[in-house]
Amino acid sequence: MTQKRIFFFAALIIALGGPLLLSCQHGTGSKADTSGDSVNWNDSCFALVKHALNYYNHDETDSLEKFAAWSMAVCAEHNQRQWYYNIWAVLAEAYVWDNQFDKATDEAHRMQEEAEKRKENYGLFLSYKTLGVGYAHANNHKEAEVHLKKAIGYFPKGATPGELFYCYNTLCEEQLKMKHYAAVDSTLKAWQKEIDRHPVIPNDSDAAAYADFHYSFHSSRANYLLETGDYQQAEAAIDSAAYYEGTAGNSVLNLIAIAQQRSQLAREQGRIEEALRHSAHLLELARKSTDSSNMSLALEEYARVLEKAGRFEDALKTYHRLDELKDSLTAIDQHDRLNHLNKQFAVNELQAANAQLEQRSRFTTGSIAMIMGICAILVFLVYNSRWSRQLEIKNRQLQRERNVVVAQNKQLAIERDRAEAASKAKTAFIQSMTHEIRTPLNHISGFTQVLAMPDIELPDEERLDISQRIQDSTLHLTNILDDLIQISDLESSSELPPAKNYYPALIVAQALEAVSPSVAADVALENHCQVPDDMEVSTYPHMIQTVLARLLDNAAKFTHLGSITLSLTQEDDKLHFSVADTGPGIPADKREFIFERFAKLDSFAQGTGLGLSVARMIAERLGGTLTLDTDYTGGSKFDFIIPISFKS
């Protein structure tokens, strides 16, 4: 859960701790108050809000959806409008943090329309606040500013201030992102007036809650002053934030924000040793947090301080750690989104399948009832052999209809399995491509920035090493794109290029020469070509070399000791190539899996899992086969057999 979401949750809990509106104490009594019912509906509906917040706090949006519909109906029935709107707002906010922005805006607009009809300011406040938070989460800063200002304007007098201060905090953040400094200054002044009405009184029951509100104000003010370069006032604001945070209970997340601000202030003022102490403390606090985004923030600040201190090598290492962490967070986020999309896809598929089955079931049931009625009439009208004949005909017809239904169900199951397979393939493609393309791009970008920094003086050996890494990453990225283009060409084109007269023995020699730089020093590369050097055939040398390159590259990648052998024999009108290695081999249950697209026995190994898939597609396009020799026990052995025609 992000720090902003936790702040919203805390503000809402504090807001619900007292009366939401003064009018709630007078004009919105429950039915229990007027009818003599012993149930206290105000307290009961408040309990429903807390239950909804529990679902929200644990990211159980599906359960919250069902609970919200029922609990809102209970609140409306007993005239508990404040709790009714609170549950509605909790559901809409849950959609925001679950990245279901369309659902969130739909709920907020419906809440707004209903509150306008009833002239209920609290409902309008919550609807505009939800829209503002949603637009902020979607990085639409301008719309977020517009709706948060409207929310503040509708905040009811007499309500507890937690959610109002949450709006001010988010509004300041969005205005800072747009660099609207005059607007931030105006928002802070308005916020100051509101915060001064709620002083922190020692030993008061609300002291911790109000101290948290004061911390939030001074922290936002410190960010504004740091951004505008007013470092003297910024330091005073940070000290105030730290003082109130100590009163509020020293939340780790808030201490992280204070440490980051102190480090940034010292860094901007050139107090490097102090900045190093604060940034090191920031890293220590981030390790205690369960939110990985805090570690990302800490690493970024620490790298900037190291760079300012002239410790460029340490800064570079820290930036690498930061890139790896961001890649990990991006992968997790994409994985969550893919899971959500796959879940929605499965639900839609099942709903469609159920609808079709229900329709067919109704049709079949009606047909059976009609046939049984006809049979019953025949029993009472006719007692002869013709009755048996008609009944037999009807039974056969019923059986055919049942067979049709069974066949349709089987076809539906096949289509569902295909859809699931397609969904899994898409998921595998996105995950594999995201990782494989992002990694070389990050390397190229990061190392290029290092070479471009005018202040860094690198030894020639280290500069040469960085240049080589850039070239390796570029080559890796090019190979990925080449694989994708080759698959696209093989699938879109059904015609082979014109055959050429070529020497098979030369193909073998060229393939071994091409792979030799990639072979480990302790591995022998052997040529077992058993066809004459001058034998010339009509074939497709470039496509054959592509298949052999894939097989030899795989062997070189996994063989670190022993040998790699490329063999060629002639079998009638066919050429039989084989690539054998002394590597770890392939498990028996994975011998067909490795030819599937994106299949990788080691998910952390470099590569897209397309090499063997491309090789088999080429072999089949040439009218041949590519298989794994299951009888070979010395490692792995692939057999590539294609038909040929001899030069006339």
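When a residue number appears, it is its place in the shown sequence, counting from 1.
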Open item on the list: Can you confirm whether the side chains of E120 and Y85 place a donor and an acceptor under 3.5 Å from each other?
Closed with: yes

Hey, are S220 and E173 close enough side-chain-wise for a donor-acceptor pair under 3.5 Å?
no

Check whether any side-chain heavy atom of Y319 sits under 4.5 Å from a side-chain heavy atom of E307, and report yes or no. yes

V200 and Y210 have their tightest heavy-atom pair at CG2-C, 3.8 Å

| said: side-chain contact (heavy atoms from CB on, under 4.5 Å) for I152 and Y168? Distances and angles first, verdict last. | reply: CA-CA 8 Å; I152 292 170; Y168 275 121; 3.6 Å; yes

Contacts of K142 meeting salt bridge (charged side-chain N to carboxylate O under 4.0 Å, His left out) (sequence neighbours excluded), chain-then-number -> E145

| task | For the pair F213 and H198, evaluate ring pair (Phe, Tyr, Trp, His ring centres under 6.0 Å) and give the outcome as yes or no after the intermediate values. | result | CA-CA 9 Å; F213 296 152; H198 303 279; 7.6 Å; no

Taking every heavy atom of A104 against every heavy atom of V96, the minimum-distance pair comes out as CB-CG2, 3.6 Å

- prompt: Is there a side-chain contact between N86 and F46, using heavy atoms and a 4.5 Å cut-off?
  reply: no

Tested for ring pair (Phe, Tyr, Trp, His ring centres under 6.0 Å) against W191, the lone hit among Y166, Y224, F217 is F217

With a 4.5 Å heavy-atom cut-off, do L306 and L276 have their side chains touching? yes

Shortest non-hydrogen pair, R221 vs A237, comes out as NH1-CB, 3.9 Å

ask   = Can you check whether V305 reaches S263 side chain to side chain, under 4.5 Å on heavy atoms?
value = yes

In short, I238 meets I258 closest at the heavy-atom pair CG2-CG2, 4.1 Å

A182 backbone acceptor or donor facing S186 side chain under 3.5 Å = no

Salt-bridged, R262 to E274, with N to O below 4.0 Å? no

- Item | Side-chain H-bond candidate by donor/acceptor type, S279 with E301, under 3.5 Å | no

When every non-hydrogen atom of M111 is compared with those of G123, the smallest separation belongs to SD-O, 3.7 Å

Salt bridge (charged side-chain N to carboxylate O under 4.0 Å, His left out) filter on E113, not counting sequence neighbours, yields none

| task | Could you check if a side-chain atom of W83 sits within less than 4.5 angstrom of a side-chain atom of N42, using non-hydrogen atoms only? | result | yes

Shortest non-hydrogen pair, S71 vs L48, comes out as CB-CD1, 3.9 Å

Taking atom OH as the centre, does Y243 end up with more than 12 heavy-atom neighbours from other residues, nucleotides or ligands that are less than 6.0 angstrom away? no

Less than 3.5 Å apart, any donor N or O on the side chain of D62 or Y55 sitting next to an acceptor on the other? no

Cation-pi between R304 and Y302: NZ/CZ under 6.0 Å from ring centre and within 45° of the ring axis? no

| field | side-chain contact (heavy atoms from CB on, under 4.5 Å) between L53 and H51, worked out | value | CA-CA 5 Å; L53 284 171; H51 199 65; over 6 Å; no

One should read off an interatomic distance between D98 CG and Y56 OH, to the nearest 0.5 angstrom, of 11.0 Å

- Hey, is K189 close enough to D185 for a salt bridge, meaning N to O under 4.0 Å? yes

**Asked** Just checking, any donor-acceptor pair under 3.5 angstrom between side chains of E65 and Y95?
**Response** yes

Side-chain donor-acceptor pair present, H141, E174, cut-off under 3.5 Å
yes

Can you confirm whether L265 sits close enough to Q269 that some side-chain heavy atom of one is under 4.5 Å from a side-chain heavy atom of the other? yes

inquiry  = Looking only at the side chains, is there a donor atom on one of W97 and D59 sitting less than 3.5 Å from an acceptor on the other?
reply    = no

- Exercise: do Q82 and Y122 side chains pair donor with acceptor under 3.5 Å: no

*asked:* Can you confirm if the aromatic rings of H147 and Y135 lie within a centre distance of less than 6.0 Å?
replied: yes

### Query
Any idea how Y84 and W88 line up, ring-wise: parallel (<30°), tilted (30 to 60°), or perpendicular (>60°)?
perpendicular

Does a side chain donor of either N250 or E245 reach within less than 3.5 Å of an acceptor in the other side chain? no

Are any of the side-chain heavy atoms of L131 and Q112 separated by less than 4.5 Å?
yes

Discussion item. Salt bridge or not between E107 and R110? Use side-chain N to carboxylate O under 4.0 Å.
Written reply: yes

So do the side chains of E235 and Q233 get within less than 4.5 Å of each other, counting heavy atoms only? no

Identify whether the distance between the nearest side-chain nitrogen and carboxylate oxygen of K117 and E114 falls below 4.0 Å.
no

Sidechain-backbone polar pair: H58 side chain, N54 backbone, donor-acceptor under 3.5 Å: yes

So, T105 side chain and D102 main chain: donor-acceptor pair closer than 3.5 Å or not? yes

### Task
Determine, stepwise, if the pair H137 / F101 fulfils ring pair (Phe, Tyr, Trp, His ring centres under 6.0 Å).
CA-CA 9 Å; H137 188 66; F101 189 60; 8.4 Å; no

Do the side chain of N40 and the main chain of D43 share a donor and acceptor less than 3.5 angstrom apart? yes

